[in-house]
Amino acid sequence: MARLRSSEILTGLALTGAMLATPAYGIQSIYTEAQAASGKAGYAQYCAECHHLTLQGTGHGSPLAGQGFIAKWGRRTVADLLGYTSNLMPAGAPASLGMAEYLAITAYVLQANGAVAGAQELRADTAGEVGLAAHGDKWAEVRAGLAQTPGATTWESWQGAGSIAGAAQRAHGFVNREVKDFVPVSEAMLGNPPAEDWLSWRRTEDGQGYSPLDQVRRDNVGDLKLAWVLTMREGSNQGTPLVHDGVMYLTSPGNVLQAVDAATGELIWEYAHAFPPESKTLGGPTKNIALYGDKLFLATYDAAIVAVDARTGKEVWKTVKADYGKGYTHTAGPVVAGGVVISGINGCERFKEEGCFVTGHDPDTGRELWRTSTIALPGDPNDASWGKIAPQFRAGGDIWMAGSYDPVRKLYYVGTSQAKPWVAASRNMSVLDDALYTNSTLAIDPQTGRIVWYYQHIPGETLDMEVGFERVLVDLDGKPLLLTIGKDGILWKLDRGNGKFIDFTETMYQNVFLPLDKSTGRLRYRQDIIDARIDEPVSVCPSVYGGHNWQSTAYSPETASMIIPLHQLCVDLVGRKVPMEEGQGGYGGESRVYEMPGSNGMLGRLTSFDLRTMKENWSHRQRAMFLTSVLSTAGGLAFVGDVDRYFKAFDVKTGKELWRTRLGAPVHGFPITYAANGKQYIAVTTGIGVFKLLTAKQSPDIYQPNGGNAIYVFELPD
């Protein structure tokens, strides 16, 4: 529901207060005063648009207080009222609130009808009729009177007509349908997907972000036109659509999933996971979902894994991984590797005994199969890498991005983030304490969760320069390679069979480390960074936003190169004192980001690096920062979007811009391509999240509208 102006809320609540000043008759004390007070605020935010702040109803919402409400609901149970509200409200976003909020709103409605508060909180299993709660020992008399007035519940009030337009805009009344002739997705299909499908986060298990489709080519990409567009939920829109047999599975902020006809944009079904509002972080990005068998797998804000029937959108199972009350959450989704649903966790910056981890779940039942810590704890051979830090104060090691899978070697590869707090001095450590397994590539056996090998890219990281992003698997000249790049802009090449260092290179200017030692692969900080203490700032390039960030690279087989989006920024970073107490922790740093010297205002950069030579092929610089991953295709194209609302196509060989179109909001997320009914489509999402804190300040000359979340799909003319 729409948020109301503060003046409207105050006026409405004053009227409501006057209404509630009448004597309360109820004797069933089934809620607390605190619940009703919380529910009052929730009602104003989510319900008043349709039902009016006075609870007397409008033409688009029935009365929730008074004789009409009791006539309709008095004979039904309190549990019935709660169930109806929690499953169907608010209009346009049903089941989108947490159960605690639904309980509080229900308590407020009961209070508005005369029920008396007590010491017992309202619960989901509370028994008894609504009328008894409202009227107490007078209920039998009132109930008898209701029986003599049939039809009393058929009329609704038309008060508050000014709210009708807003209510109509949000309510859609859509009824879910079913995906017809669904073909379950097998492990073999994930390993070698049909060319027309996009079955995994980066299409294939190797994370390359490449499609073999070639209807859209260098010579006709200029003819692309809009095929369809669909508005999405508001929030940080970093999702990746999946496509299977002409059906798109779309994830929106708010833990919402939709099945859409990929050729027309026609909605088939929608699923919204109910989550506690306080469990959402960073605007609620959900970077990816997974598809396997007949199920979609979603990692939720409230630290659970949910399986949804891909045919119907109905929830099949839900397994809670951790306590969201301790800060645990998800921003990256799961990957299916070797028939196991694997996912990491976020929210590991606070000091807590459980630390950070990766889990594997059974796709049929949701049963947790294994749990692997990304922090070396007592009993682990690398325990000493944390120095004298007690286990409960070893924070960080989050999983911000999904990993990749090699079905031949049967290994799942994922990157971990840095130790927390950011600055080593803030965590009572030095950069000489490696703090394993942070800032590492982990190669995990998906059947057991065992770490087969690891490679730590930056030991003792102290500048928020994580290397926790995509892992791209490439077979080149008979060598099994793993490629990754972190915020520092350093591109790494490892042997993915054994984790041995092969090579690395700077893709952009950096002054964090001394000249790279290619004989060892070991990085060494500048001396002033090593010596920095609490409250002593250091200046480095690139910035804490990257360099490279979550906007993933793509591999081009045609050129044997990685195409990489970069941000040309620098930062002053200072570490602050952090109390070493459980529940404390956090990031512990403050920063000031600014334009990279010598960039001449060109903050966005797209570059191509040859994986054989580790030399740059070409580089495109522009004012607007790139805010999407790169999509590469067999048509010789690389697609990418920026903060200035442009979606562009580049020639993978030359870096020449071949096509652009301007959309309604900054282009954000992970573009894909697929085919339906024999036609190739290109899809990309728009919107923006926490990066607006950066882009609005660094690029004030570029208009960046709020909202505008949508998916745009392009096609060639018939």
Side-chain angles (χ1 to χ4, degrees), residues 86-88 93-99 172 174-187 189-190 197-201 230 232-233 235 238-262 266-276 279-280 284-321 324 329-337 339-343 359-368 402 672 711:
S86 61
N87 285 314
L88 298 176
S96 60
L97 311 182
M99 181 52 66
H172 54 65
F174 179 81
V175 177
N176 281 351
R177 294 175 285 127
E178 185 172 338
V179 174
K180 301 298 183 184
D181 302 320
F182 181 86
V183 176
V185 175
S186 65
E187 282 189 63
M189 292 168 67
L190 290 176
D197 283 1
W198 193 282
L199 293 184
S200 300
W201 168 51
L230 177 65
M232 300 171 66
R233 298 286 180 92
Q238 295 179 14
T240 311
L242 301 182
V243 178
H244 177 46
D245 282 350
V247 176
M248 176 183 288
Y249 297 98
L250 182 63
T251 176
S252 288
N255 282 171
V256 172
L257 301 178
Q258 293 174 318
V260 180
D261 185 314
E266 181 75 16
L267 183 66
I268 301 171
W269 58 251
E270 179 177 282
Y271 165 85
H273 172 69
F275 60 89
S279 68
K280 185 169 73 171
T286 298
K287 294 186 179 70
N288 68 287
I289 53 178
L291 176 60
Y292 178 61
D294 59 358
K295 301 179 188 69
L296 291 162
F297 301 96
L298 169 71
T300 70
Y301 299 151
D302 53 342
I305 295 289
V306 171
V308 174
D309 190 316
R311 296 181 178 91
T312 64
K314 294 180 179 178
E315 187 174 303
V316 179
W317 55 255
K318 174 182 177 180
T319 298
V320 176
K321 291 172 54 175
Y324 75 85
T329 188
H330 291 111
T331 62
V335 164
V336 175
V340 177
V341 182
I342 302 179
S343 59
T359 57
H361 287 81
D362 184 290
D364 295 322
T365 66
R367 179 173 64 91
E368 184 175 307
I672 70 166
I711 182 166

Q: Give a yes or no on whether the backbone of P285 and the side-chain of T331 come within a donor-acceptor separation of less than 3.5 Å.
A: no
(Q) Under a plain distance cut-off of 3.5 Å, with no hydrogens placed, do Q258 and Y249 share a side-chain donor-acceptor pair? (A) no
Q: Check side chain to side chain donor-acceptor pair (under 3.5 Å) between D294 and all other residues, then give those that pass, not counting sequence neighbours.
A: R311
Q. Who passes side chain to side chain donor-acceptor pair (under 3.5 Å) against K287, sequence neighbours left out?
A. Q238
Q. Got a sec, which residues hit side chain to side chain donor-acceptor pair (under 3.5 Å) with E266, two or more places apart in sequence or on another chain?
A. none
Q: Nearest 0.5 Å please: distance from the CG atom of D245 over to the CG atom of L199.
A: 8.5 Å
**Q.** Counterpart residues, ring pair (Phe, Tyr, Trp, His ring centres under 6.0 Å), relative to F275 (two or more places apart)
**A.** Y301
Q) Would you find a donor on one side and an acceptor on the other, under 3.5 Å apart, between the side chain of S252 and the backbone of V256? A) no
Q) Run the side-chain contact (heavy atoms from CB on, under 4.5 Å) check on S200 and L190 step by step: do they pass? A) CA-CA 7 Å; S200 300; L190 290 176; 3.8 Å; yes
Q | Contact check, side chains of P241 and I711, non-hydrogen atoms, under 4.5 Å | A | yes
Q) Got a sec, which residues hit ring pair (Phe, Tyr, Trp, His ring centres under 6.0 Å) with H244, two or more places apart in sequence or on another chain? A) F182
Q.
Would you say H361 and K321 are linked by a side-chain donor-acceptor pair, where the criterion is simply a distance under 3.5 Å?
A. no
Q) Listed by chain and number, what are the side chain to side chain donor-acceptor pair (under 3.5 Å) partners of K280, not counting sequence neighbours? A) none
Q. Passes side-chain contact (heavy atoms from CB on, under 4.5 Å), N288 versus T251? Steps please.
A. CA-CA 7 Å; N288 68 287; T251 176; over 6 Å; no
